[in-house]
Amino acid sequence: MKKPYVPFIILLFLVLLVGVGKASLNTGSSSKPLNLRPGEYRGYVYTVSGSTFELPVYICENASGNVTVEASYLEHLSLERWRVEYDTSSPDSLVDAVRGRFPLRIPLKVGGPSREGGEIRLTLFTRRGETFTGKLKLSKFTVETAPAVNITEITFGDRSRGTVYFHEGEPSTVVYTVMVRNGLDVPIELLNVSYKIPGVSPIGFWVFYTDSITDVPDEVPWGHVRTGIISPGSSAVVAVYMGVSGDVDGFYLKPKFTFKVGNRTISIPGPEYFYVQVGEACASGG
């Protein structure tokens, strides 16, 4: 006579075995928090529709791999690509590493003007089988689309790419410098370098007639004569001084440069600049 409880015991054993397997799988595939800076970006971007720009973030994890990027609630901004290589062994990463943090640049494409924030989610799949997830918040982030201007004789050269600030929570003064070349046969006058980022106060801009951006002082040059005229066929360094509040975790800037050319006034997008508070150094284990 067959015992009716034998099949039941076998079935129960199989259920428990599958459950244990799933639990082990979930435990092994659970993600760790991604230690990234900044956690929030404010910004102003002046650019033509359809162009792209890249937000730099710094990540602690010293492990190469692929980063899957997702975005939500971004008005007229989209991801240029959803997968980004993260290679901490590359020469660029080693040069740009700060306090044990390695750089990652998130490409965004502009589809139109935007004054809303959003969220970017990042998942790092390392080549050693680990998974890290984190979020980058975009708040107070303005995108202004520029009309197409058919003038190629005004160009930008060497520039300061950004500031990595170590004194977390403290206000600071930063300077954005860029070489401007006038390829026209008439003088041009820089009327304004405009942007609007909450927590970032415009102090002013100055034009220095020098061949190198490194000649520009770090302190605000109140005694320097403010003039914006650049002669035909010559170059000058434009220095934009900004006061940054201590609660600004990070900001991204592509300012609007407005020139007077003869009887015309034209505005063109300037090169990028970023500011990031990195805070504490990464732990030695990544």
message = If you count heavy atoms of other groups shown closer than 6.0 angstrom to CG of D215, is the number above 12?
response = yes
Rounding to 0.5 Å, atoms CD1 (I268) and OG1 (T152) come to a distance of 10.5 Å
Any donor-acceptor N or O pair under 3.5 Å, side chains S267, T258 | yes
Heavy-atom nearest pair, M242 first then Y273, reads CE-CE2, 4.0 Å
Decide yes or no for I203 and W222: does some side-chain heavy atom of the first lie under 4.5 Å from some side-chain heavy atom of the second?
yes
CG of L79 to CD1 of I120, rounded to nearest 0.5 Å, is 6.0 Å
| query | Side chains of F251 and K140: does their closest heavy-atom pair fall under 4.5 Å? | reply | no
CZ (R121) and CG (L34) are apart, to the nearest 0.5 Å, by 14.0 Å
Close side-chain approach of Y241 and P221, heavy atoms under 4.5 Å | yes
*asked:* Would R161 and F274 count as a cation-pi pair here, with the cationic atom under 6.0 angstrom from the ring centre and within 45° of the axis?
replied: no
- Message: Contact between W206 and V220 at the side-chain level, heavy atoms closer than 4.5 Å - yes or no?
- Response: yes
Q. Quick one: do the T68 and T123 side chains pair a donor with an acceptor below 3.5 Å?
A. no
Could you check whether the rings of F257 and F259 sit parallel, tilted or perpendicular, using 30° and 60° as the cut-offs? parallel
- Query: With side chains defined as the heavy atoms from C-beta onward, is the minimum distance between V278 and Y165 less than 4.5 Å?
  - Reply: no
Rounding to 0.5 Å, atoms OH (Y46) and NZ (K256) come to a distance of 5.0 Å
ask   = Is R105 salt-bridged to E272, going by a charged N under 4.0 Å from an acidic O?
value = yes
Are V84 and L122 close enough that some pair of their side-chain heavy atoms sits under 4.5 Å apart?
-> no
